[in-house]
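All residue numbers in this chain count up from 1 along the given sequence. Atoms within each ligand, like the ligands themselves, are counted from 1 in listed order.
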Amino acid sequence: MADHVLRLVEVGVDYRTPGGTVTAVSDVSLDVPARGVTVLAGPSGSGKSTLLRVLSLVERPTLGNVELRGAGTTRLPNRARRALRRTDVALVFQNPGDNLIGHLSVGDNLRAAAQSAGRPERVDEVLDQLGLPGTAGWKVTALSGGQQQRLAFGCALARGATVVLADEPTSQLDRASADLVLETLVDLSRRGIPVVVASHDPRLIALADTCFTLRDGTLVADGAPA
Ligand SMILES: Nc1ncnc2c1ncn2[C@@H]1O[C@H](COP(=O)(O)OP(=O)(O)OP(=O)(O)O)[C@@H](O)[C@H]1O
């Protein structure tokens, strides 16, 4: 097995704005290990979220290449990239409500996730793994923000994702809820699913197996645990 799941090669991301071109990320090359928790750290505006969208195949870079398990993705057609996002590469957004289908129950969210990837439904098993047993019939809105966030990771599990990425997953949560989300991240990585998180939460950075630090869109510290 390759020792990295994702590789960025000389990646740059520019945005055209009415005020001119904004370079969000410039000449970033890095390998995301195939194991453990990897954190993209750095101050606000340093390019963490942009890089996470590129890594999760939501956004194409302006320059450079993104490889998933050794295969180039940058020139794949949109359909192929969407298929990879449905089955293989899961991105969990910052706002818990953005990750789930609000009018469906907890169990139906997991079923919909499994069906969209053509996977068997394992609702009770996934809810047990998440520490949310017995909630299959609940409305999503009856869950706390932290529980919703954990369910979003559960949907990634239900889809059979082989790498899970998350943008500031603890930033909207109180400390106790954030702790449970951190446990879920570590649990996923122990199950052999590499996890990539953009965050400036010091507790998340402290548990990283690998940490990349960005400043002004470039990599300033590389690879070692924080
Ligand atoms: N869609 C966009 N259009 C124009 N500029 C953008 C866009 N997305 C990001 N940027 C700019 O790119 C830079 C990096 O933004 P990004 O959101 O990736 O940083 P970040 O480190 O995730 O910040 P935060 O921690 O505040 O979320 C910033 O200057 C931002 O204003």
Pick out the protein N or O atoms lying less than 3.5 Å from any N or O of ligand 1, and list each pair with its distance.
| unit_1 | atom_1 | unit_2 | atom_2 | d |
| --- | --- | --- | --- | --- |
| ligand 1 | 18 (O) | Thr50 | N | 3.0 |
| ligand 1 | 18 (O) | Thr50 | OG1 | 2.6 |
| ligand 1 | 19 (O) | Gly47 | N | 3.1 |
| ligand 1 | 21 (O) | Gly45 | N | 3.4 |
| ligand 1 | 21 (O) | Ser46 | N | 3.1 |
| ligand 1 | 21 (O) | Ser46 | OG | 3.3 |
| ligand 1 | 21 (O) | Gly47 | N | 3.1 |
| ligand 1 | 21 (O) | Lys48 | N | 3.1 |
| ligand 1 | 21 (O) | Lys48 | NZ | 2.8 |
| ligand 1 | 22 (O) | Ser49 | N | 2.8 |
| ligand 1 | 22 (O) | Ser49 | OG | 2.7 |
| ligand 1 | 23 (O) | Gly45 | N | 2.8 |
| ligand 1 | 25 (O) | Lys48 | NZ | 2.9 |
| ligand 1 | 26 (O) | Ser44 | OG | 2.5 |

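Rounding to the nearest 0.5 Å gives a distance of 3.5 Å between CG of Asp88 and OG1 of Thr162.
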Let me see the working for Thr21 and Asp14 under side-chain hydrogen bond (donor to acceptor under 3.5 Å, both in side chains), right down to the final yes or no. CA-CA 6 Å; Thr21 301; Asp14 290 339; over 6 Å; no
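Among residues two or more places apart in sequence or in another chain, the salt bridge (charged side-chain N to carboxylate O under 4.0 Å, His left out) test is passed with Arg111 by Asp108, Glu121.
Proximity of a side-chain donor or acceptor of Arg75 to a complementary backbone N or O of Asn65 within less than 3.5 Å is not detected.
Among pairs with a residue in residues 36-65, those fulfilling salt bridge (Lys or Arg N to Asp or Glu O under 4.0 Å) read Arg53-Glu59, at least two apart in sequence or across chains.
Other residues sharing a hydrophobic cluster with Ile101 under the 4.5 Å side-chain heavy-atom criterion for ILVMFWY residues are Leu104.
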